[in-house]
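Notes follow the structure.
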Amino acid sequence: MKPTIRALQQKKARSEPIVMLTAYDYTSARLAEAAGVDVILVGDSLGMTMQGHATTIPVTLDDIIYHTRAVVRGAPQTLIVADLPFMTYQISPEQALRSAGRVLQETGAQTVKLEGGVFMADTIHRLVQAGVPVMAHIGLTPQSVHQFGGWRVQGRKKSEAEQLLKDARAVAEAGAFAVVLELVPAELAARITDMLPIPTIGIGAGPHCDGQVQVFHDLLGLEEAFQPRHAKRYANLAPIIREAIAQYAQEVRRGEFPTMEHAFNMKEGEVQ
Ligand code: KIV
């Protein structure tokens, strides 16, 4: 049965870790569901992993809708969170309602995620009042990477940590059903996790969050050039895939593929 946001909150109450993974297409979503993840995030990290951009900023609402539709078809029994991209919700709560409405109506995803703490609390409240479940995202919020001046851990200094505590409290009070903590010191993430009634989902936030999220390509070693410190490679698929493609190319060039094993014959007696 498809888990609900309530099921995630019950997991927190039972201290059962929540497993979230990104996916961006039908095939990866099918694999993630078959592996038993609790939540699939159609993250705007697709700007990097699927589109080759340097940041999430160029991702559009139509991009998210396109990828989320495919993910929903691949993982019909998994809770799906779709990211709201940069500038599709920051301008006003009305804009956020319109964007979230499109995502839920056009994709079949059940929930949306947006970045921001205290300053997004009103918007979260309006969305929740309108029946849209919202996952919040604080700490290093990638849509603000230029404002932060890079992919830096947030909350190392006392003043930053105090702001993050305020952000966490604000999104929970506004009605978010969970909050992603990205690149936050482990002690601070533990404190936020203890303090909040809603689940925290960490990425680069240490082991004390209620759940963890990882990016599909990082987990499977699909991007060879770069591995973030917060990611662990559970497989190293890039060389395996490259080698398989190279072998295919070599066999075609040598006339070794296809053989008749992969070909078809005309019906008996028809050749003459
Ligand atoms: O877009 C994304 O993949 C995310 C995760 C890193 C949390 O927001």
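Numbering of ligands and ligand atoms starts at 1, following listing order.
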May I have a table of the N/O to N/O pairs between ligand 1 and the protein that fall below 3.5 Å, each row giving the two atom names and the distance to 0.1 Å?
| unit_1 | atom_1 | unit_2 | atom_2 | d |
| --- | --- | --- | --- | --- |
| ligand 1 | 1 (O) | Asp44 | N | 3.1 |
| ligand 1 | 1 (O) | Asp44 | OD1 | 3.1 |
| ligand 1 | 1 (O) | Ser45 | N | 3.0 |
| ligand 1 | 1 (O) | Ser45 | OG | 3.3 |
| ligand 1 | 1 (O) | Asp83 | OD2 | 3.2 |
| ligand 1 | 3 (O) | Ser45 | OG | 2.5 |
| ligand 1 | 8 (O) | Lys113 | NZ | 2.9 |

Parallel, tilted or perpendicular: which describes the rings of Phe257 and His262, with under 30° parallel and over 60° perpendicular?
tilted
side-chain contact (heavy atoms from CB on, under 4.5 Å) with Val118: which of Asp167, Val171, Ile138?
Asp167
Judged by atom type as modelled, is there a donor-acceptor pair below 3.5 Å linking the side chain of Gln105 to the main-chain atoms of Ala100?
no
Report the residue from His137, Lys113, Gln143 that forms a side chain to side chain donor-acceptor pair (under 3.5 Å) with Asp83.
Lys113
Report yes or no: do Val134 and Leu97 belong to one cluster of Ile/Leu/Val/Met/Phe/Trp/Tyr joined by side chain heavy-atom distances under 4.5 Å?
yes
Taking Arg98 first and then Glu94, would you say they form a salt bridge - that is, a charged N and a carboxylate O separated by under 4.0 Å?
no
